[in-house]
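The structure appears right after this line, and notes come after that.
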Amino acid sequence: MITLDRLLNVLGGYGVRLCGRPEARSALLRSVAMPDASDHHVAGDVLLAVGTCSIDEAVRWAAAARATAVLVRPTRVGADVEREAAAIADRSGVAVLLADPVVSWSQLAGVVYGLVLESRETASGRGPTDLFSLADNLADTIGGAVTIEDRHSQVLAYSRSQQAGDPARLETILGRRVPERVRELFQRQGVFARLAATDEPLFVPADADHGLTGRMAVAVRAGRELLGTVWVSCDSPLTGVHRSALADGARTVALHLLRSRASADFERQVESDLVTRLLEGDADAETVLSRLGLGPRETRVIAVRAHTPDDSHAALLLAFEQATSGFGWSRPGRSALLGDTLYTVLPAEGAETARQWIAALRTELPARVRVTAGVSAPAEAADLPAARQEADECLALHESAEPGAVPPAYDESWDDILLRRLRTAARSGRTPARGPVGTLLRHDQRHGTSFVVTLRAWLESQGDLTVAAERLGVHPNTVRNRLRKMGELVPLDLFDPRRRLAMTIVLAALEDLA
């Protein structure tokens, strides 16, 4: 079920404002109603006050319909109208949603009906356009276990029936994706290529080594676009009415997927726009966070890149699709795709929560996809643009790390980030090249001396000759002699704390060059 708050997040893109009754944001919405002169018993959680521009009249209709909220489109807008609506809402106990008069009722009704009804649960726990119900109906008609998958072999729905079921199907359902070994088998057999090329159902023979009984498969297509596939477990090819039922079922699945995708794409667009405004700092951050349903709490920004050896764009789009799948209220974070990076604003005080989110996203992607990520420090609403930069820098750090490294978080890795910045500055020629460290480095390169490593060891040991010598594996007198020779080459001024600090910074910046 969707909440009023989530509905407002979407309707806000159409200029709809909530007036009064802020506590109603958490109310669950199960039904939508419109006034009907022939039916005096209209009831629903959200009333669309079509036929009136009077806020008073709209609220009376809503009260009669036992509605939590009423959507009304007044003839004029302004602060005085909003104050009037808020006063009426507080008196009546009905939340008033004011729509911009330039937005048509057909647009508003389409959004409200789509969001509320698509997320509604029935007594069986399934929505009215539920793919699971369709899978059950197909299984009953055909007489075999049915699985509906998307174009990436991820499970969208499956039937209760286990007739002709097999170990591979059970593993597919439990993992919510066709096992990689089975995908590779189908790839070698040309199954995916044939599904991509034809609308006709095809038979895939049994393979005991992979735990497979026979299967009939058919493409789910919208025009030329492959949306997914329907699979039926069976010992031999389907014929007659069973084959026709499978083909008809694929067309029905296509309608469901198109409708679901349209609703999801709209949600994604609204969410992505709001998240982008937060990260770019061109919005009232507190208000936008509220519209996203995140509330006034600390968040972290996660930056993610995903790619395969042969394609970076498809993997990133798939990651974005996974990060934004389902209605916003059912997800912990809110995401946007900017350039080649997926950004997610996630309520999280600890970095481990963000890493768990990244790990969950990773498990939803194919095994061949490489995921790198960075996590910002905890941030208040106004600090999200800075948090985005922190996440970017942590992402760059993760991309340069060894495979399997834990995604870094800024509050844990700020020192590594600082050194990375210094090294970048050094490579671009923005550190002094003619200072003491630069001179010693050139001397080492020309004469094979070890002055720079000795200076670094002495500074890191805070001037303790014995500790520095242990680090270098030499006698303390060797360190003392090297320091004396360095002092003959350049003015080190080792007893000046500002000079020591400056040399420490330069050495850190040049660490991978020295």
Side-chain angles (χ1 to χ4, degrees), residues 131 147-158 172-184 186-187 191-193 195-196 219-222 224-231 253-254 256-273 275-276 301-328 330-346 354-375 391 395 398-399 403 407:
L131 283 177
T147 306
I148 301 173
E149 300 168 8
D150 68 10
R151 63 186 182 275
H152 304 292
S153 297
Q154 297 187 93
V155 175
L156 298 175
Y158 52 88
T172 297
I173 290 172
L174 291 177
R176 293 183 292 175
R177 182 189 293 118
V178 176
E180 199 65 29
R181 69 178 193 284
V182 177
R183 274 187 57 84
E184 291 173 357
F186 290 161
Q187 196 81 46
V191 173
F192 293 131
L195 287 170
V220 176
R221 205 182 310 276
R224 297 182 180 180
E225 182 184 0
L226 182 66
L227 302 177
T229 49
V230 179
W231 300 76
V253 170
H256 283 256
L257 294 184
L258 284 173
R259 182 175 177 182
S260 175
R261 186 169 71 176
S263 175
D265 286 348
F266 182 78
E267 277 269 296
R268 287 188 180 106
Q269 178 186 341
V270 172
E271 178 177 320
S272 187
D273 288 346
V275 171
T276 300
V301 176
I302 303 172
V304 174
R305 288 196 184 122
H307 63 85
T308 60
D310 54 345
D311 191 345
S312 59
H313 301 295
L316 184 63
L317 290 173
L318 182 57
F320 177 60
E321 188 174 304
Q322 288 296 333
T324 54
S325 62
F327 284 92
S330 66
R331 292 183 279 107
R334 304 291 183 266
S335 302
L337 194 59
L338 296 173
D340 62 352
T341 306
L342 164 66
Y343 293 98
T344 294
V345 179
L346 184 76
R355 293 193 182 103
Q356 290 171 1
W357 183 92
I358 296 166
L361 175 67
R362 179 67 191 85
T363 60
E364 294 298 324
L365 300 176
R368 64 186 182 278
V369 174
R370 180 173 182 244
V371 173
T372 51
V375 181
L395 171 61
H398 196 217
E399 287 179 326

Check [X] against [Y] and note the closest heavy-atom contact, atom names and distance.
X	Y	answer
L316	G339	CD2-O, 4.0 Å
S335	E271	N-OE2, 2.7 Å
A354	L346	CA-CD2, 3.7 Å
H398	A373	ND1-N, 3.0 Å
V345	V275	CG2-CG1, 4.1 Å
T341	L395	CG2-CD2, 4.1 Å

Among Q154, R362, H152, find the one that has a side-chain contact (heavy atoms from CB on, under 4.5 Å) with Q322.
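Per the side-chain contact (heavy atoms from CB on, under 4.5 Å) rule, the option paired with Q322 is Q154, out of Q154, R362, H152.
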Given F320, which partner from the list T344, V304, L337 fulfils the side-chain contact (heavy atoms from CB on, under 4.5 Å) test?
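In the set T344, V304, L337, the residue that makes a side-chain contact (heavy atoms from CB on, under 4.5 Å) with F320 is L337.
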Measure the shortest side-chain to side-chain distance between [X] and [Y] over non-hydrogen atoms and say whether it is less than 4.5 angstrom.
X	Y	value
V375	I358	yes
P407	T372	no
L365	L318	yes

Measure up the W231 and F186 rings against each other and bin them: parallel (under 30°), tilted (30 to 60°), perpendicular (over 60°).
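Plane angle under 30°, so parallel.
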Is the CZ atom of R176 crowded by more than 12 outside heavy atoms at less than 6.0 Å?
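Not buried by this count: 12 neighbours or fewer within 6.0 Å.
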When you look at L342 and L361, which way does the side-chain contact (heavy atoms from CB on, under 4.5 Å) test go after all the steps?
CA-CA 12 Å; L342 164 66; L361 175 67; 4.2 Å; yes
Would L226 and L195 count as a side-chain contact (heavy atoms from CB on, under 4.5 Å) if you check the C-alpha gap in whole Å, the side-chain angles of each, and the deciding distance to 0.1 Å?
CA-CA 9 Å; L226 182 66; L195 287 170; 5.5 Å; no
For the atom pair [atom1] ([X]) and [atom2] ([Y]), what is the distance rounded to the nearest 0.5 Å?
X	Y	atom1	atom2	value
L227	R221	CG	CZ	9.0 Å
E364	E321	CD	CD	11.5 Å
T229	D150	OG1	CG	8.0 Å

Quick one, R177 with S153, criterion side chain to side chain donor-acceptor pair (under 3.5 Å). Give me CA distance, side-chain angles, the key distance, then yes/no.
CA-CA 6 Å; R177 182 189 293 118; S153 297; over 6 Å; no
